[in-house]
Amino acid sequence: MSTIEVVGAQVDTRHFINGNRVASAETFLDTSPIDGTVLGEIARGGQTEVNLAVAAAKAAFPAWAGLGPQGRGVLLHKLADLVEENLETLAQLETFDNGSLLRSHRRGVMPRVALNIRFFADWAMNELKHEVFETRGHSNNISWDPSGVAALITPWNAPLMLATWKIGPALAAGDTVVLKPAEWTPLSASFFADLTKQAGIPDGVFNVVQGFGKEAGAALVAHPDIARISFTGSVPTAKTIARAAADNLTPCSFELGGKSPCIVFEDADLDLAAELAVEQYDNAGQVCLSGTRILVHEAVADEFAARFRERAAKLKQGDPRDPETDIGPQIHQVHFDRIKGFVDRAVAGGANIVMGGEPNSELGGLFFRPTLVKDPQPGSEIVTAEIFGPVLCMQTFKTDDEAVAMANGTEFGLAAVVVSGNRQHAEQITKQLVAGTIWVNCFFVRDLRAPFGGSKKSGVGREGGTWSFDFYADVKNTVVSPNGWKE
Ligand code: NAD
């Protein structure tokens, strides 16, 4: 079977290589986390399909690079238009495939998919500063040249949003692309591939190879014709990719996991603090940026916990297609069991459950109750490891120094949320935090012009605005002498 119907849309489950659909001898099953429905059989790619896709992308590169930012921009804007025209289909498809809230996909995520493409197309055309520096009469001319074939590897928690965060700048920079989506969420990338064709993006410029990380993903990152690897996923996978990339010295951009703090100071607006803390359950806790460690000043801990419980009690768990639902299912049984394991071991180690702590037995399936754990053993895995589920962990502190030490006390450094009513105090704290993004009295607000990435084990490099082009392009300095001209 090569095409399946999901929510009235035809989705081809084969690879998309050189503008054509390509099957594999083997397939794997894709199921919906909402109710376990089998959505379809997906082509299971490996070395052969990767070789075909990279060869197609390599062959398409000179002409795509030669179009220049303006020529590419016209086609990328058409692609963004098509995403907007198909927004409802993409939203429903993604919800069926990964269980995220349909209302979020409609309102925020899919519009952002279109914006990812438009924004970087415009940035390449209008905003890259081709500066000229003068040195003793010589001009240093800065340019961002296309670099070749970009390998993009993405996770399942926000499939198309995270993929286009890479596809947008890579294509705008003049690179051609081979995308390997996560095996738990293959559908939106496949549907998107058809949109690239409709937009008139030339064959071979954008390719999708479906399959498992250890097969298709591993073959792709080890391929000698890859000029860039941009990966979003877990730390252990990034280490494997870095080893494979080392043989070819392929530049890598890594956006990895987190165990971010949400710090509530004594001077905080506690209603705002409780609201922000409850927001950390967004996407059933499957958000890399979540501030899952709630660090609260001991003087306000009881009051904060009461207000948190009051708000969290209003969360509605259920079918992500229902507009009233706040928390949907986890992505997969394997992941669900992993989350449950963390909570069970924390309880066995003496931690207390303030809320949740178990599967939602009324809903069954992959629904895990939003959970707040308190009094964990210091240094235990529940406070150091990324759980990637609806599990928050509350600890208290007495002094600012203690808060900062706790906040910085993991191997991660992706994000931090600071809640304080005093600007000077907040500023003094943010200066000491080690994280790629810090939110003060807010969460999840970010401009695409700003850098995004993680410190410590949360990532290597930054993307966003010009930072994306610094990675996907070959940044060049052409120095022109005032001497030697015959005209
Ligand atoms: P994962 O590392 O298991 O898989 C991510 C992708 O890598 C998948 O497409 C997978 O098939 C592929 N892969 C696996 N092994 C590979 C290999 N050997 N070679 C090449 N590719 C391989 O991560 P996941 O479980 O899909 O995603 C969850 C993780 O992603 C969490 O750690 C989360 O924090 C992180 N994440 C980070 C960000 C960010 O922007 N920093 C955003 C979203 C998710």
Side-chain angles (χ1 to χ4, degrees), residues 28 30 33 42 44-47 50 97-98 100 109 112 116 151-166 178-186 188-189 208-223 226 229-247 250 252-260 280 282-292 330-332 334-336 338-339 385-389 410-415 435-437 444 446 451-464 467-468:
F28 63 97
D30 180 35
I42 314 296
R44 178 172 168 178
Q47 189 70 58
V50 163
D97 207 11
N98 93 332
S100 299
V109 179
R112 167 69 192 278
N116 280 341
L152 311 181
I153 306 218
T154 47
W156 45 262
N157 63 317
L160 196 56
M161 201 284 283
L162 290 171
T164 50
W165 165 246
K166 300 177 188 305
V178 179
L179 169 70
K180 208 298 282 170
E183 48 270 49
W184 287 345
T185 52
S188 55
V208 179
V209 176
Q210 302 282 7
F212 294 113
K214 287 187 177 143
E215 298 169 4
L220 183 57
V221 296
H223 200 293
I226 295 297
I229 298 170
S230 180
F231 168 74
T232 299
S234 64
V235 173
T237 305
K239 289 182 183 175
T240 308
I241 291 175
R243 281 185 210 108
D247 272 346
T250 314
C252 294
S253 168
F254 288 149
E255 294 182 348
L256 310 177
K259 186 76 176 176
S260 301
Q280 310 306 314
D282 190 43
N283 206 21
Q286 301 168 144
V287 174
C288 55
L289 296 158
S290 283
T292 50
Q330 307 309 136
I331 181 74
H332 194 278
V334 170
H335 190 58
F336 181 91
R338 189 174 168 273
I339 293 167
E386 183 183 44
I387 299 171
F388 220 51
T410 73
E411 64 172 356
F412 297 108
L414 191 56
T437 303
F444 237 80
R446 195 177 66 82
F452 177 78
S455 302
K456 298 196 279 182
K457 295 280 190 300
S458 286
V460 175
R462 297 289 183 270
E463 294 189 33
W467 287 274
S468 292

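Order of appearance sets the numbers: ligands from 1, and atoms from 1 within every ligand.
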Qualifying residue for side-chain contact (heavy atoms from CB on, under 4.5 Å) with Val221, from Val50, Ile153, Ile226: Ile153
Using a plain distance cutoff, I'd like to know if [X] has any nitrogen or oxygen under 3.5 Å from a nitrogen or oxygen of ligand 1.
X	result
Lys180	yes
Phe231	no
Asn157	no
Gly213	yes
Ser234	yes

With backbone taken as N, CA, C and O and side chain as the heavy atoms from C-beta onward, which portion of [X] lies under 4.0 Å from ligand 1: side chain, backbone, both, or neither?
X	answer
Trp184	neither
Pro181	backbone
Leu162	side chain

Per-atom contacts of ligand 1 with [X], taking only distances under 4.0 Å to non-hydrogen atoms:
X	answer
Thr240	18 (N)
Ile153	6 (C), 7 (O), 9 (O), 12 (C), 20 (C), 21 (N)
Thr232	5 (C), 36 (N), 37 (C), 38 (C), 39 (C), 40 (O), 42 (C), 43 (C), 44 (C)
Glu386	31 (C), 32 (O), 33 (C), 34 (O)
Phe452	40 (O)
Thr237	1 (P), 2 (O), 3 (O), 7 (O), 13 (N), 14 (C), 15 (N), 16 (C), 22 (C)
Glu255	37 (C), 38 (C), 39 (C), 40 (O), 41 (N)

What residue and heavy atom of the protein are closest to [atom], and at what distance?
atom	result
atom 27 (O) of ligand 1	Pro155 CB, 3.3 Å
atom 38 (C) of ligand 1	Cys288 SG, 3.0 Å
atom 20 (C) of ligand 1	Gly217 C, 3.2 Å
atom 37 (C) of ligand 1	Leu256 O, 3.1 Å
atom 24 (P) of ligand 1	Trp156 NE1, 3.3 Å
atom 9 (O) of ligand 1	Thr154 O, 2.8 Å
atom 29 (C) of ligand 1	Gly233 C, 3.5 Å
atom 10 (C) of ligand 1	Glu183 OE1, 3.5 Å

Check whether any side-chain N or O of [X] sits under 3.5 Å from a backbone N or O of [Y] as a donor-acceptor pair, and report yes or no.
X	Y	result
Gln286	Ile331	yes
Lys180	Ala219	no
Asn283	Gly285	no
Ser458	Gly413	yes
Ser260	Ala415	yes
Asn116	Met161	yes
Ser290	Thr292	no
Glu386	Gly258	yes
Glu255	Gly233	no
Arg44	Phe212	no

Would a 4.5 Å heavy-atom cut-off, applied to side chains only, mark Trp184 and Val334 as touching? yes
Measure from the ring center of His335 to the ring center of Trp156 and say whether it is less than 6.0 Å. yes
Any idea which heavy atoms bring Thr185 and Pro155 closest together, and the distance? OG1-O, 4.3 Å
Tell me whether ligand 1 is touched by Ala216 - counting only heavy atoms on the residue side and a distance under 4.0 Å. no
Below 4.0 Å from any atom of ligand 1, is there a heavy atom belonging to Ala218? yes
Value rounded to 0.5 Å, distance of CG in Leu256 from CD in Glu411: 10.0 Å
